[in-house]
Amino acid sequence: MMKNEKMQIMSVNSVALDTIEMVLKNSYISQTAVPGQFLHVGVDGHTLRRPISIADVNKQEESVTILFKIIGSGTRHLSSYQAGMILNVLGPNGNGFPIQDDATVLLIGGGIGVPPLYNLGKTLAERGTKIISILGFQTADSVFYEQKFRNLGETYIVTNDGTYGYEGYVTDVLELTDDFDRYYSCGPVPMLEAITAALKHKQGFISLEERMGCGVGACFACVIPTDTQGGYKKICKDGPVFSAQEVML
Amino acid sequence: MMKNEKMQIMSVNSVALDTIEMVLKNSYISQTAVPGQFLHVGVDGHTLRRPISIADVNKQEESVTILFKIIGSGTRHLSSYQAGMILNVLGPNGNGFPIQDDATVLLIGGGIGVPPLYNLGKTLAERGTKIISILGFQTADSVFYEQKFRNLGETYIVTNDGTYGYEGYVTDVLELTDDFDRYYSCGPVPMLEAITAALKHKQGFISLEERMGCGVGACFACVIPTDTQGGYKKICKDGPVFSAQEVML
Amino acid sequence: MTNLAVNLPGLQLKNPVMPASGCFGFGREYSEFYDLGKLGAVIMKAATGSERFGNHVPRVAETSSGMLNAIGLQNPGVEKIIETEVPFLADYDTKLIANVAGSTIEEYELVAKTFNQTNQVHALELNISCPNVKEGGSQFGTDPFMAAKVTERVKQANNLPVYVKLSPNVSDIITMAKAVEAAGADGLSMINTLAGMQIHLPSKRPLLANKTGGLSGPAVKPIAIRMIYEVKQHVSIPIIGMGGISNAEDVLEFLLAGANAVAVGTANFQNPFICPEIIDELPGVLNKYGFGSVQDAVGKGIVE
Amino acid sequence: MTNLAVNLPGLQLKNPVMPASGCFGFGREYSEFYDLGKLGAVIMKAATGSERFGNHVPRVAETSSGMLNAIGLQNPGVEKIIETEVPFLADYDTKLIANVAGSTIEEYELVAKTFNQTNQVHALELNISCPNVKEGGSQFGTDPFMAAKVTERVKQANNLPVYVKLSPNVSDIITMAKAVEAAGADGLSMINTLAGMQIHLPSKRPLLANKTGGLSGPAVKPIAIRMIYEVKQHVSIPIIGMGGISNAEDVLEFLLAGANAVAVGTANFQNPFICPEIIDELPGVLNKYGFGSVQDAVGKGIVE
Ligand SMILES: Cc1cc2nc3c(=O)[nH]c(=O)nc-3n(C[C@H](O)[C@H](O)[C@H](O)COP(=O)(O)OP(=O)(O)OC[C@H]3O[C@@H](n4cnc5c(N)ncnc54)[C@H](O)[C@@H]3O)c2cc1C
Ligand SMILES: Cc1cc2nc3c(=O)[nH]c(=O)nc-3n(C[C@H](O)[C@H](O)[C@H](O)COP(=O)(O)OP(=O)(O)OC[C@H]3O[C@@H](n4cnc5c(N)ncnc54)[C@H](O)[C@@H]3O)c2cc1C
Ligand SMILES: Cc1cc2nc3c(=O)[nH]c(=O)nc-3n(C[C@H](O)[C@H](O)[C@H](O)COP(=O)(O)O)c2cc1C
Ligand SMILES: Cc1cc2nc3c(=O)[nH]c(=O)nc-3n(C[C@H](O)[C@H](O)[C@H](O)COP(=O)(O)O)c2cc1C
Ligand code: FES
Ligand code: FES
């Protein structure tokens, strides 16, 4: 169950271009969060909270890691926060990725969609699932968490401009890895569209983003249609993770 | 001439109930400010700057002292600033007290109107003028700078509730001190009205407050009538110090 | 003891604070944070005759001290709301206000009638001011003749007290208020959102899929206060005030301007506990400024 | 080289940025901060036929992301302005726009004529939208018939291009804009302030002596953007856009919405260098979003 919690910032690190890793201390969220859930983070001077995925959890140390990209004024301001300061957070929000006992899974992350997959991969790896990861970034400067994913298993890095790893899009390297039971993906909508089309024959789960008001399911800001008959889901409450067939991108 | 300056906060001290003393480092303002001028202080998250009088100046150390009372959200936020932080300030603003070579002057300050009189008293004392001060406060908790004024000369403290010094209003102790050439006063309007009425026969200068927009003379927010024919002065630019006969309170 | 109770047509409120329509859904989500029985009342999300999907996303944008929304009245339709949402809310020790919307007078009538039959709703808020739908909403909200007509027809169609929710997007709010009062409104609810827009620089187009949206939050508070202050002097029906409230001082400002009770919208998104926190702080704020009850403060800021 | 130049009736501007009327006096104070020759133009404080003292103090209040003002058109009168202020401003390498106000059509005509005779003023901004005076101002600004009439008469009375400054306190801004365009306006200036109020809790009365005041600053930007976006699609005369601009991104947002040039008001109070800073940053911002000139961006945010 989501709660309104105070989280103390333990560390703030820049891990790639405009990409910040923040480790936050909180007992309740660290013990209850599952991969794919997000935090709804209050930022001083901003009307709306900012949804940020949980990228890692350390139950022993009662810490939660988030990674965010500086996009606009909210994330810019958040990036100026320093260790010791307190974040006001709603969390853990939404429904995470379903955890199954597959032999092999494929993780496909694009840019700042990569973070929730790390928490997922780590959790699945601990349960003995073999992890294959394809991570796409714009350019070499933006790559992060490569080694962490390599520690979980086979990892392909793709950059759009070819400055690091394979050149192109994550879909370009999909063919290198056909041997998996299920895929999990998070990233920009065009990437998700390409992936769900390319992997139609596979079971998959995708994590979606949308601009949010309440972040708890009350305001109808973040709906996604599930069919052409007016069916819909709320990304903040019913998602952000959906089965690839469940929603209309 | 007023400039837009950055001032580093050297210290922040609470000197009385809800009353903060801040020492600010700045070369330009410390060298050019005269008693009675004010700073127009930017406060994060606030549309308008806050006018605060210069309470003291140390030319050697290039520092400027301000004292402010926590009234609303701007001064509350300002009171949370810590040493090392930078204030964005316009200053020195307005015209200060005229400095004359009098034998004896009377300073009459009410509450948070006391600070500019300290800078004035110090300056005049250094020139050999005898200083008599009457300082009024609401209650014992609010009294500040008593010793500093005593160091300049004879000082009477008045509290409205009699919890410290004389009981009543500053006008109640005016009779104790008739032997002065000129008076200078700053405080709430009702106090200034009472003083200018009681000391009609004396030459005096008063410092006024009004809600300000620009603080530089451009917006006509802070006018005060000088007669009943539509004459007026701008407090931010022509004041805040006026001769007691010049304006209509 | 500071008396927070407020007596309005159909609404004996234990305190004057309620979540604003559309910012609280049907209460379920916030019921996980606190007991909804603490609230003076709950105003439900707008209901229309049948299910509405609303506008495309993005539906919200952030602005300086405010936000834009263009939800477009998404809701499951009045029947479904009565079936699945009203019973849940009726279990709480609070009053229930249904926000009634539609594209035609007939739809407003239908929705009002349907709520009337439940016996679980205590009052209606007639939403003639939603800026985010093509038909209905705003056109009723900016024309005094149309506003009066829909008010009159809804009053005839049901027995519940009707609070007409006024749009601030008008040249003359007093005329609107007087028109609906004359048409039988039991109270006013004001203000709804101001029509606004944000352009997204990277895509070089309006950020909201609906292009325009309704501005709410602290940014609009001075406009709400002004309109309530003006209207209060020209009507004798009570006013539920809203627009940018985010603390108990704001509530007192609305009471002084002439509101009899208040609703809190956007602030719920920043702080899900905002309503109960305001309720807890209100007695202290009233006392600080010399009031022994909510009732004492109403309209006390009005000077001739 | 990014081209910042803008060509409007009577105004060959080197860049599209000017201080807004009433927020810059007659330029003297800000001339101590920087060379006014950097500005695209200067819009002077409102001028009336004879001297006006304006409203009682307090005249300003702070609001969330904005402020209220009720200066009440204080000014020394058109003659005095021409005598003492215009020559000072005319010495700078910038364009000069006079903001014309009045209580009657005759007063507007008189002020316009008097400025026309100077040959030092390049355009008039017809202020039919000041919410802070009892007569004139707002009543011309909310009635399309009156707005058209005063525009027509002022056009007849002088040869300068006339930019009519629209009030946002209307139900239908498009009708207002079309009415003044049909009456001969050479351009529009929008938006003026929104009528608002703040109640001062300690004194339990409206904070401003005038009770209501005009809301400006970032809080109102979404309303300004929406109105310009809507109006742009219905008029062919250029628009000087304003309302909450505080950086170069905001300027681009106004251009995309349909403004041809912009004015910066309230932001001068926080940062006296805001206008030259925006002018310096504008080329970078235009380039970042793919524009080679100001002209390129105008109206590009409008989608069908
Ligand atoms: C479920 C979920 C999980 C997310 N996880 C992450 C993450 O782990 N790391 C990360 O960097 N980003 C993540 N995002 C995106 C992140 O929320 C936005 O980048 C961020 O809100 C931008 O805020 P801003 O103030 O910098 O940008 P601005 O553009 O100034 O924000 C303006 C408004 O738009 C909203 N907004 C802007 N972009 C997005 C977006 N892509 N998605 C949702 N709202 C947006 C903001 O929240 C704010 O309300 C996630 C989004 C969602 C919905
Ligand atoms: C020339 C001058 C010198 C001053 N010197 C001092 C000083 O040395 N120490 C001190 O404590 N105070 C001084 N004041 C008063 C001080 O400016 C206000 O107390 C302060 O602005 C209140 O800000 P706030 O945000 O806490 O109050 P809020 O009430 O939240 O402020 C809201 C708005 O009203 C304005 N305002 C509120 N009270 C006053 C006031 N009394 N005078 C002017 N504007 C006001 C604020 O600046 C702001 O724009 C001076 C005022 C002037 C005009
Ligand atoms: C996301 C959102 C949805 C809204 N939906 C409705 C609605 O369905 N019916 C209605 O009458 N008002 C609706 N409103 C308007 C609010 O009820 C309220 O009048 C307005 O937001 C001003 O209050 P605030 O500033 O406290 O949010 C909505 C506002 C928001 C922000
Ligand atoms: C203190 C003040 C005085 C103003 N005086 C005038 C005026 O004399 N004439 C006029 O047309 N507009 C006047 N305005 C309105 C501004 O020119 C501008 O239209 C409005 O403030 C919106 O822009 P902003 O948000 O950048 O301030 C005034 C605004 C302020 C804040
Ligand atoms: S953000 Fe409010 S319902 Fe999802
Ligand atoms: S504050 Fe603008 S003229 Fe004094």
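What's counted below: heavy atoms across the whole structure, side chains too, no hydrogens, waters or symmetry copies. Every chain is numbered from 1 and lettered A, B, ... according to where its sequence line falls, protein lines coming before strand lines. This is a predicted model, so every value here is computed, not measured.
The contact between A:Met2 and chain C is made by backbone and side chain atoms together, counting heavy-atom distances below 4.5 Å. Of the two parts of C:Ala61, only the backbone, made up of N, CA, C and O, holds a non-hydrogen atom closer than 4.5 Å to a non-hydrogen atom of chain A. For C:Phe33, the part lying near chain A is the side chain, with the backbone staying farther off; criterion is any non-hydrogen pair under 4.5 Å. Using a 4.5 Å cut-off between heavy atoms, C:Thr266 contacts chain A through its side chain alone, with no backbone atom that close. Heavy atoms closer than 4.5 Å to chain A are found in the backbone of C:Thr63, but not in its side chain.
Inspection of non-hydrogen atoms places no residue of residues 72-89 of chain A under 4.5 Å from chain C. Proximity to chain C among residues 23-46 of chain A is limited to A:His46, judged by heavy-atom separations below 4.5 angstrom. Interface with chain A: from residues 267-278 of chain C, residues C:Phe269, C:Gln270, C:Asn271, C:Pro272, C:Phe273 qualify, criterion being any non-hydrogen pair under 4.5 Å. At a heavy-atom cut-off of under 4.5 Å, chain C is reached by A:Val216, A:Gly217, A:Ala218, A:Cys219, A:Phe220, A:Ala221, A:Val223, A:Pro225, A:Gly230, A:Gly231, A:Tyr232, A:Lys234, A:Lys237 from residues 215-249 of chain A, listed in order of number.
Looking at heavy atoms from C-beta onward, C:Met44 lies out of side-chain contact with C:Asn99 at the 4.5 angstrom threshold.
Using bins of under 30°, 30° to 60° and over 60° for the plane-to-plane angle, the ring pair C:Phe24/C:Tyr34 lands in the tilted bin.
Checked by atom type and distance alone, the side chain of C:Thr94 pairs as donor or acceptor with a backbone atom of C:Leu39 at under 3.5 Å. Although no hydrogens or angles enter the test, the distance criterion places no donor-acceptor pair under 3.5 Å between the side chain of A:Asp141 and the main chain of A:Leu17. At least one donor-acceptor pair under 3.5 Å links the side chain of C:Asn169 to the backbone N or O of C:Ala195. Looking at A:Thr19, its side chain never comes within 3.5 Å of a backbone N or O of A:Val15 through a donor-acceptor pair. No donor-acceptor pair under 3.5 Å is formed between the side chain of A:Asp18 and the backbone N or O of A:Ser142. Remark: the backbone N or O of C:Ser50 is not paired with any side-chain donor or acceptor of C:Arg52 at under 3.5 angstrom.
None of C:Val264, C:Val42, C:Val262, C:Ile97 except one satisfies the side-chain contact (heavy atoms from CB on, under 4.5 Å) rule with C:Met18; the exception is C:Ile97. The side chain to side chain donor-acceptor pair (under 3.5 Å) test with A:Thr139 singles out one residue from A:Asp161, A:Thr159, A:Asn160, and that residue is A:Asp161.
By number of non-hydrogen pairs under 4.5 angstrom with chain A, the leading residue of C:Cys23, C:Ser65, C:Gly217, C:Gly66 is C:Gly66. Chain A forms the most heavy-atom pairs under 4.5 Å with one residue out of C:Glu29, C:Arg59, C:Glu51, and that residue is C:Glu29.
In summary, C:Glu253 and C:Lys221 engage in a salt bridge, as defined by a charged side-chain N under 4.0 Å from a carboxylate O.
Taking each heavy atom of A:Val114 and A:Gly109 in turn, the nearest pair found is CG2-C, 3.8 Å. In terms of heavy atoms, C:Tyr108 sits closest to C:Val100 at CE2-O, 3.4 Å. Nearest heavy atom pair, residue A:Leu48 against residue C:Glu62, reads N-OE2, 2.8 Å. Closest non-hydrogen pair, A:Pro115 versus A:Phe144, comes out as CD-CZ, 3.9 Å. Nearest approach of A:Ser207 to A:Leu192, heavy atoms of both residues: O-CD1, 3.7 Å.
Checked against the 6.0 Å centroid threshold, A:Phe97 and A:Phe205 do not count as a close aromatic pair.
Residue C:Glu79 places its CD atom among 12 or fewer non-hydrogen atoms of other residues, nucleotides or ligands, all under 6.0 Å distant.
Of the N and O atoms on the side chains of C:Thr48 and C:Asn75, at least one donor lies less than 3.5 Å from an acceptor on the other residue.
For the pair C:Arg28 and C:Phe88, the cation-pi criterion (under 6.0 Å, within 45° of the ring axis) is fulfilled.
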